[in-house]
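Letters A, B, ... are given to chains in the order of the sequence lines, protein chains preceding strands, and every chain is numbered from 1.
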Protein chains: 2
Amino acid sequence: MVLQNDQKSQKRDLIIQAAARVFAQKGFAGTIMADIAEEAGIGKGTIYEYFESKEDLFFAVFEWFTQELTSLAMVSVSTLGGTASERLMTLGESLVKAGMGMEDMFSLSMEFWAASVSSQMKNRFKEVFKQVYMDFRRIISALIRDGIERGEFRPDVDPESLAAVLVGSWDGLLLQAWFDPAFDPLSTARNFMSVIIKGLRANPSQERQGKTEHRKG
Amino acid sequence: MVLQNDQKSQKRDLIIQAAARVFAQKGFAGTIMADIAEEAGIGKGTIYEYFESKEDLFFAVFEWFTQELTSLAMVSVSTLGGTASERLMTLGESLVKAGMGMEDMFSLSMEFWAASVSSQMKNRFKEVFKQVYMDFRRIISALIRDGIERGEFRPDVDPESLAAVLVGSWDGLLLQAWFDPAFDPLSTARNFMSVIIKGLRANPSQERQGKTEHRKG
DNA sequence: ATTCTGTGACTGAATGGTCGGTCGGAAATT
DNA sequence: AATTTCCGACCGACCATTCAGTCACAGAAT
């Protein structure tokens, strides 16, 4: 049977997802192509119909992964309503939850990080990572800037810096949770966000208000 | 010549440090034992006089690394004077600076993370990581608790949560910097800390004061 | 019959780890 | 102090294994 393009890409996806599971569990080096073939329920040779090499496949998994993650964040943000504080809070929670839910996927992230150090394709990995982090920072900083414009947040915070730290702390928290099952990133994040929000409030003495001391449009 | 114990351990350290450099540059998988031997200026066989296996050596590098890092933090903290805010700020800066300075070393961290996913010894790696993160959190949370007791910080923040986030965001920030050379983790951290400090202040309207609304001795 | 897809046995390159042998120096013996 | 013995640190050629990638063939589709 001659596969249609969409069937072809469907099978590609099948392989990618099977590979993702195996890589997540065994790491890049620990994974052999035969494992992936078995997981996907196909022959080893077939993989090479769709991918150049093991590294090429790994990179494809990486791209798939970042896509999933980014669209998750996009959806979260676009769905959210309420004040900037609330949206920030909710986005944070849903990202941490996502990270905790797909715990396998987090271990995949670690493999990707490592790949950006030493694989043949480290520069391609780095480039994509850079872009992903930028995207996330952009999403968050827009949210913060919005809060400032509404007069909800102090005008003198730097949205970019704060966004970077939030993005960073999600990684950092999940990392700690990865190593210590007793560590609860969700309640940690919650507690933390409330401190942040207090620091952000334009007028700390009131819960919320529209008084505008803000500059910049 | 029969080596004394201290000569013996000196050579061990020599190998560890040579290995650290090579692993940092080429990653675990990309490193071959011959490289390490060459870097250390010894024969390959000699390495096996001191270490069971490649993984065993890698783990030894890991232990050495965490020791270095922890003692750096210890020294920083014990040296620092001033208010809790100032000490927090300074500790943060010096850790970020350290991370930036030894950029090779940061890439080593990534390798260690990956090792905790998939190496044979993943549980040993995880255990050590867990301990290291706990130590760091303990250092920071003690600092915060101190600030609360002095009445400098609001009594209703959770020192453990905040400490975890700070620790996490150092990792997270350095990670972003790793991928994007244009990203400046230091000024980001500075900006961020000032938001945090504002959120922490016991009495936000004054710069600093000793008024004690605090409970708990 | 022809074309396309799937396959898994096979191969060769790469490399972790071994082991028999070397050699500089310490200790024992003279 | 000269000589011999002994030790163990050091070495690197070699071995055994592991796997990524290939390819000749089988089977399906048309």
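Note that the OG1 atom of T83(A) and the CZ atom of R150(A) stand 7.0 Å from one another [nearest 0.5 Å]. In this structure, CG on L173(A) lies 12.0 Å from CG on L95(A), to the nearest 0.5 angstrom.
With rounding to whole Å, F58(B) atom CZ is found 16 Å from dG16(C) atom C1'. Protein atom OH of Y50(B) is 20 Å distant from nucleotide atom C1' of dG16(C), rounded to whole Å. Residue R12(A) contributes atom CZ, which lies 14 Å from atom P of dG6(C) at whole-angstrom precision. The NZ atom of K11(A) sits 10 Å away from the P atom of dT5(C) (whole-angstrom rounding). For the pair F51(B) CZ and dC10(D) P, the computed distance is 12 Å after rounding to whole Å. The nearest whole Å value for the distance from the CD atom in E38(B) to the P atom in dT15(C) is 14 Å. A straight line from CD1 of I47(B) to P of dT18(C) spans 13 Å, rounded to a whole angstrom. Atoms CG (L14(A)) and C1' (dG6(C)) sit 14 Å apart, rounded to a whole Å.
The aromatic rings of F129(A) and F179(B) lie parallel to each other, with less than 30° between the two planes, well short of the 60° mark.
Listed by chain and number, the residues in a side-chain hydrogen bond (donor to acceptor under 3.5 Å, both in side chains) with W178(A) are S116(B) (sequence neighbours excluded).
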Nucleotide by nucleotide, 5' to 3', does protein get under 4.0 Å of the base (B), only the sugar-phosphate (S), or neither (-) in nucleotides 13-22 of chain D, counting heavy atoms?
B-----SBBB
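Between the side chain of E38(B) and the main chain of D35(B), no donor-acceptor pair closer than 3.5 Å is present.
Listed pair T46(B) / dC11(D) meets the phosphate criterion, a side-chain N or O lying under 4.0 Å from OP1 or OP2.
Sequence neighbours left out, the pairs with a member in residues 20-45 of chain B that pass ring pair (Phe, Tyr, Trp, His ring centres under 6.0 Å) are F23(B)-F28(B), F23(B)-F58(B), F28(B)-F58(B).
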